[in-house]
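Notes for the one structure printed next.
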There are 2 protein chains.
Amino acid sequence: MSIHVASVTAPVNIATLKYWGKRDKQLNLPTNSSISVTLSQDDLRALTSVAASPTFTADRLWLNGKEEATVSNERTQACLSELRKLRQELEGKDTKLPKLSQWNLHIVSENNFPTAAGLASSAAGFAALVAAIAKLYKLEQSMSDLSRIARQGSGSACRSLFGGFVAWEMGEKQDGSDSQAVQVSTLDQWPNMKAAILVVSQAKKDTSSTTGMQLTVKTSDLFKERVAHVVPKRFIEMKGAINAKDFEKFAELTMKDSNSFHATCLDSFPPIFYMNDTSKKIIKLCHLINEFYKETIVAYTFDAGPNAVLYYLEENEGKLFAFVYHLFNKVEGWEKKYSQDQLNQFSSLFEDDIVPILKNSLDEEIYKGISRIILTKVGPGPQSTNECLIEESTGLPKSM
Amino acid sequence: MSIHVASVTAPVNIATLKYWGKRDKQLNLPTNSSISVTLSQDDLRALTSVAASPTFTADRLWLNGKEEATVSNERTQACLSELRKLRQELEGKDTKLPKLSQWNLHIVSENNFPTAAGLASSAAGFAALVAAIAKLYKLEQSMSDLSRIARQGSGSACRSLFGGFVAWEMGEKQDGSDSQAVQVSTLDQWPNMKAAILVVSQAKKDTSSTTGMQLTVKTSDLFKERVAHVVPKRFIEMKGAINAKDFEKFAELTMKDSNSFHATCLDSFPPIFYMNDTSKKIIKLCHLINEFYKETIVAYTFDAGPNAVLYYLEENEGKLFAFVYHLFNKVEGWEKKYSQDQLNQFSSLFEDDIVPILKNSLDEEIYKGISRIILTKVGPGPQSTNECLIEESTGLPKSM
């Protein structure tokens, strides 16, 4: 049996300037440009293996061990068809190439983090899908070119095709040919950017992002201002802050933009709420920490859900964890990264004069609203890997 | 002893188009016009008695049985000095009049509702103060004239000088002489407007309104849009809806404006949160009720705190309470207004097909976040009363 396989891992990215609103639903064209930090794949990644064979009778997709019907949905098929078109061009130029573009695909993908955590896994998933097929097809397109394809699978997926600090330029053209991801700054230029994700317990599912942003575009009066003036200005300022490695400015813009995005959700009708009381307490905590040190050492940001992502610089980890480990030491996730000695050191950094401040202004049982902490940092873009999820003899997932 | 006394009651008002932002802090001049409904004094009112005597050695103020130092604060003194000026004019024209303008004042005020409930009592308080002194001084100024004085005590107090539906026109002049309350529609024109206040339990005090609005004006990018375009349009539309007794339109504008105001709070930096998870569940409940009946029968609005005020028309009370009594029957406040028979009837209106809807989309323990319900309706403006809180022989509070 002639089976061709390729495997790639791709990262999660968390926007610091939020994507919220589509100007074209089908092409996933946004109403504003956005910026994100790519997170380390040691902690959060999708691993995707793809196989093509003339013997496959249909495109098939397995996600985290379960076959999914989503391979036939519009978004996935849009990506596959664009990639096949590019492969076809290669095959046209070099007729000796196997006709992979005409064969069905088996796609097997796994995340190294629980999907239940409510972390946007679709960005990593679509980035890995596109990058894996591009590798299988031996495409020569640039990452920005591929990002335009990934964008059609899930808007924010385009940003997961780069490591470090990434911008998604909204573009102007109707066909979306200029709506793509570009590198703002590489991982190497600001490698000490770290992230702590506080996974907030939640009873029920939110409004989906797609539904939510549609409602905001349609009903929020304040959204127009965000898109027309607030974000364009912030987009330039944030790129500048990243290039200058100005954490204070980066943090301020990140926090403000998270708040602005959630404000337009609240201004939608009916209003959309993604943050809950625990999220708000985390916001309060961050402002309190920055005030305590009289220096901006932490920034929060919240996507379309209650989870908090805290950005900070490695050199301030002790200062930050003096608070965060004190408040959240009961939560799982610390042991994975730190020895007991190191954790004890965070405790020792906690100063007694913080106690009355916390008592006065914060719910000390805040940890009860958190299910785990994920400690990670800025990381690289998609990586080729030899780890393969597909059995080459059968073309089926290895675990099945 | 020559003591002159006068007593007045004044109502609470709850804005349906929110006042948020001062363009002049000293004069309490707002950045936008606002609209409110005056609530019945049977349920919520301040009763204020004032006395003037040449024997009083200082201005003194007793609030709910306790002497307060606030009589000497800037805001109270601004009101007193304006009122004394008007009295002086009268005394100048008619020299036989006693020189009340030169005498110190004793002011005694009591609310008929617990201040702990977090209901804006300062509006009723300053309206009663100004109206009582105007009565004592036999001033001939119109309510709009007096509203400009009350405004200097507490911005929203100016709206409590009228019953029914009231607009506070922001005005343009720097001296505030055109920033005053006017009647939009009288109590008689739309008497079937009712209100239910769900008092939300809260552990800690919010950011004060004055501090909060200052921060919003200074830091929120979206606020500019609210003030420049969103509210001016809504102000005209809401006056139109009230005059047309168009509840659906009135409700939509009321809900949207509450959300818009809280959105600009969230867009402040650091962000301000007045609503909590219980507030959000009440918002969800209201949208669910309106959807269930395929008709807008209820509107929510939230001031600078977590309490919900629900507006509805008398004829829809059964429909509304089918839900609200079902969910909140354990909460105190029902017995004051309804017999057990009437309450049973609300229960009987509850249809079994609502149960699965509530189960699916709402926390059925929502009542745990509520401490009481206050059932009231639209009401008249300040009322002269013979009930006097001051002992005429001593000039001191009766209860002391």
Side-chain angles (χ1 to χ4, degrees), chain A residues 202-205 207 216 219-234 251-281 283-288 290-291 300 302 306 360-363 365 369, chain B residues 202-205 207 216 219-234 251-281 283-288 290-291 300 302 306 360-363 365 369:
Chain A
Q202 201 190 19
K204 280 182 188 169
K205 180 90 190 94
T207 313
T216 302
T219 62
S220 167
D221 292 307
L222 302 178
F223 177 74
K224 296 166 188 72
E225 175 70 10
R226 169 170 167 79
V227 163
H229 301 113
V230 180
V231 176
K233 184 161 173 271
R234 237 171 237 164
E252 184 190 321
L253 294 168
T254 296
M255 293 186 275
K256 282 187 171 173
D257 200 66
S258 175
N259 296 335
S260 163
F261 147 52
H262 289 280
T264 64
C265 289
L266 170 48
D267 189 51
S268 305
F269 195 73
I272 309 162
F273 299 98
Y274 287 118
M275 298 194 288
N276 66 15
D277 282 354
T278 300
S279 315
K280 291 187 232 163
K281 287 173 194 166
I283 288 181
K284 198 167 178 186
L285 171 66
C286 291
H287 285 286
L288 195 145
N290 290 336
E291 246 171 65
Y300 54 79
F302 294 80
N360 266 328
S361 44
L362 212 76
D363 172 13
E365 300 206 313
Chain B
Q202 201 190 19
K204 280 181 188 168
K205 179 92 190 92
T207 312
T216 303
T219 62
S220 168
D221 292 307
L222 302 179
F223 177 73
K224 297 167 188 71
E225 175 70 9
R226 170 171 166 78
V227 163
H229 300 113
V230 179
V231 177
K233 185 162 172 271
R234 238 172 237 163
E252 185 190 320
L253 294 168
T254 295
M255 293 186 275
K256 282 186 171 173
D257 200 67
S258 175
N259 296 335
S260 164
F261 147 51
H262 289 280
T264 64
C265 290
L266 169 48
D267 189 51
S268 306
F269 194 73
I272 309 162
F273 298 97
Y274 288 117
M275 298 194 288
N276 65 16
D277 283 353
T278 300
S279 315
K280 292 188 233 163
K281 287 173 195 167
I283 288 180
K284 200 168 174 183
L285 171 66
C286 290
H287 284 286
L288 196 143
N290 290 337
E291 245 171 68
Y300 54 79
F302 295 80
N360 266 328
S361 44
L362 213 74
D363 172 13
E365 300 206 314

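In this text, all values refer to a predicted model and were calculated from it rather than measured experimentally. Numbered from 1 within each chain, the chains take letters A, B, ... in sequence-line order.
When A:Thr219, A:Val230, A:Asp257, A:Asn276 are compared by the number of non-hydrogen pairs under 4.5 Å with chain B, A:Asn276 comes out ahead.
Listed here is the closest heavy atom pair of B:Leu222 and A:Thr264: CD1-CG2, 4.2 Å.
Contact annotation: the side chain of B:Ile283 approaches that of A:Pro271 to within less than 4.5 Å [non-hydrogen atoms, C-beta and beyond]. A:Leu266 has its side chain within reach of B:Met275: a pair of non-hydrogen atoms, C-beta onward, lies under 4.5 Å apart.
Ring to ring, A:Phe269 and B:His287 are close: their centroids are under 6.0 angstrom apart.
Of the atoms belonging to B:Ser268, it is backbone heavy atoms, and not side-chain ones, that fall under 4.5 Å from chain A.
Proximity of a side-chain donor or acceptor of A:Asn259 to a complementary backbone N or O of B:Asp267 within less than 3.5 Å is not detected.
Note: A:His229 NE2 to B:Glu225 CD = 8.5 Å, rounded to the nearest 0.5 Å.
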Applying side-chain contact (heavy atoms from CB on, under 4.5 Å), run through A:Arg226 and B:Asp221 and close with a yes or a no. CA-CA 8 Å; A:Arg226 169 170 167 79; B:Asp221 292 307; over 6 Å; no

